[in-house]
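Structure first, then comments.
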Amino acid sequence: MTLKRLVLIFVLTPIAVLLAVSALFGSWQEPQFQSRLELYQTNIALQAQAWQSEDSSNRNLQAIQEAILGDQPLEGATKQYEEARQSVEANLDKVNNKLGQLRSQPEITPIPPKPLPEVPPTTKTSKQGQQQLQQSLKQLQKLLAELDLRLGILQAQQGQTDTALKTWSELQQRSDINPEFGETAAVLSGLWSNPPRLLQNSQEQIQKNLEGWFRSTALVQLYQLQQRQDALSVVKAAQQESATQAVIKLAVIGTIPTLAALNGLILLIFLFAQRLLKGKASLLAQNADVPWSTPWDGETILQVFIVGFFFMGQIFVPLLLSLLPIPRPVGDVRLQAFYVLVSYLLVASGALLVLYFSLKRFFPLPEFWFRFRFQDNWFLWGLGGYCAALPIVVVVSLINQQLWQGQGGSNPLLQLALESQDGVALGIFFSTAAIAAPFFEEILFRGFLLPSLTRYLPVWGAILTSSLLFAIAHLSLSEILPLTALGIVLGVVYTRSRNLLAPMLLHSLWNSGTLLSLFVLGSN
């Protein structure tokens with residue numbers, strides 16, 4: 001056995017596996033991005049429920065509104081906020097426990113990295129780790145206070161005034177909150193008390209610490225008590241305008257994916273029926289049992305993924321960027337987006353170079369390797385695969401949420417995209433997620449890994465294995481099941497079409513749909 005093989009198998013591979021497992025377990029106690037996304041959707045639904053058509057007798061419009069929002073939007077929102085509050089409290093306990101552990105262990109603690117296009121990894125000292133946890137603690141405390149302010153308003157609007165007053169009273173008694181939140185809680189308590197108490201800075205506190213439906217609801221209550229009809233009319237007009245926009249947003253992010261998922265469900269039923277009736281002559285059976293002719297062995301596969309993908313993405317490029325005299329972007333979302341794009345392009349370029357030099361001695365490659373054919377039915381395979389993936393991944397995600405209960409980590413790039421309303425930044429995020437990522441990841445996972453595995457496994461086994469590794473590479477436990485399901489659809493599309501353009505299109509459509517939803521939700 002050569003020295004190169006020894007180092008690769010017995011040194012680099014165990015290091016990569018150990019760090020990947022450590023990163024996965026590190027994501028165990030991190031909150032899912034899905035929880036924050038659901039709150040955004042809930043806030044928009046609350047705005048939309050106030051919408052009233054100019055033709056109040058139009059039952060069709062009312063039916064559309066009920067179909068989008070459900071028949072009890074306030075009750076649903078309250079449940080959502082209560083669940084979010086429980087999740088935040090659980091995370092607060094975990095952060096406090098971690099802080100206690102760090103204070104008793106002052107040695108340097110490596111922070112496991114996450115894959116690009118996320119934030120590159122760093123190594124933090126115990127003191128730096130404590131500072132980061134303290135910052136997380138303050139953010140969670142602030143979020144809990146915001147949730148309590150909003151939850152009280154929801155309770156008050158449903159006639160649960162005593163419960164709302166208790167919620168705000170407990171918030172005022174907490175010593176860990178910003179005094180402004182306590183003052184806002186006092187303002188809200190006064191508005192819904194019997195008799196009401198109006199504080200001098202009521203309007204200022206409401207406008208500063210509440211937003212959307214919660215702000216307009218509190219202002220309506222305030223202006224009604226103050227008998228300020230002009231201000232009340234202005235707020236209600238603005239509320240109607242926001243409600244109209246909210247209905248449109250919900251229709252956009254709900255209708256298009258729903259129609260695509262419905263078409264996908266019909267397509268899946270048709271394909272499975274065709275498979276049962278036609279057998280090997282069906283589309284699903286096309287190339288299903290035909291492996292690739294693979295001239296290299298497992299050592300080459302390890303070399304590409306361990307050296308090219310893992311060490312290039314998690315160690316070499318982040319180290320290179322840290323050594324360059326380039327300040328890390330903190331507050332500027334455009335710089336953050338550009339930094340992520342450049343980092344991802346460097347990782348992709350390095351990994352593809354390793355792939356090229358690893359396979360160079362096997363040129364010319366056998367038929368169907370890294371096949372790009374524009375004059376083919378790749379577009380139908382990609383579009384059909386996207387529609388078929390939607391109902392599958394949605395079902396898997398619902399099961400996944402029950403398993404993880406809001407924990408398991410998520411890609412922070414999603415939150416940056418959600419909260420950024422800068423057109424340039426969103427364009428850069430789109431370039432990273434919808435163009436660069438599908439091109440690079442499909443070449444690596446479907447173009448190289450899946451066919452290489454058919455040397456040792458049947459085609460279906462190679463699809464499953466490559467899909468699982470594709471999911472694990474994102475280093476978030478909560479994303480493993482949904483991404484494995486998506487990877488299986490990508491693998492089926494590629495093995496049947498034998499054209500990399502098909503899974504690239506599917507991957508791009510998937511990421512584009514996600515970014516579009518985040519943009520619409522974030523524009524609230």
Any sub-3.5 Å donor-acceptor pair from Ser169's side-chain atoms to Leu165's backbone N or O?
-> no
For Ala77 against Thr42, the heavy-atom pair lying closest together = CB-CG2, 3.5 Å
Using a strict 4.0 Å threshold on nitrogen-to-oxygen distance, state whether Arg150 and Glu211 make a salt bridge.
-> yes
Out of curiosity, Leu46 CG to Ser242 OG, how far, rounded to the nearest 0.5 Å?
-> 12.5 Å
Do you see a donor-acceptor pair shorter than 3.5 Å between the side chains of His474 and Glu479?
-> no
Which atom of Ala434 lies closest to which atom of Ser508, heavy atoms considered = O-OG, 2.7 Å
Residues Ala389 and Leu486: closest non-hydrogen pair is CB-CD1, 4.1 Å
Nearest non-hydrogen partners of Leu188 and Ala218, listed with the distance = CD2-CB, 4.0 Å
Going by an N to O cut-off under 4.0 Å, is there a salt bridge joining Glu75 and Lys79?
-> no
Point-to-point distance, once rounded to the nearest 0.5 Å, from CH2 of Trp192 to CG of Asp162 | 14.5 Å
Between Leu149 and Trp168 the two heavy atoms that sit nearest each other are O-NE1, 3.3 Å
Non-hydrogen atoms of Leu171 and Ala185 that approach each other most closely = CD2-CB, 3.7 Å
Enter the distance from Met504:CE to Asn499:CG here, rounded to the nearest 0.5 Å.
-> 9.5 Å
How about Leu154 and Trp213: do any of their side-chain heavy atoms sit closer than 4.5 Å?
-> yes
Quick check: does any side chain N or O of Arg215 sit under 3.5 Å from a backbone N or O of Gln207, one acting as donor and the other as acceptor?
-> yes
Exercise: do Thr167 and Gln155 side chains pair donor with acceptor under 3.5 Å = yes
Rounded to the nearest 0.5 Å, how far apart are OG1 of Thr184 and CD of Glu204?
-> 9.5 Å
Value for CD1 (Ile153) from OG1 (Thr217), rounded to nearest 0.5 Å, stands at 6.5 Å
Can you name the side chain to side chain donor-acceptor pair (under 3.5 Å) partners of Thr78, sequence neighbours left out?
-> Gln158
Counting N and O atoms only, with roles assigned by atom type, does the side chain of Gln47 sit under 3.5 Å from a partner on the main chain of Ala246, one being a donor and the other an acceptor?
-> no
Does any donor atom in the side chain of Tyr386 or Asn263 lie under 3.5 Å from an acceptor atom in the other side chain?
-> no
Spacing of Arg228 atom CZ and Gln203 atom CD [to the nearest 0.5 Å] | 5.0 Å
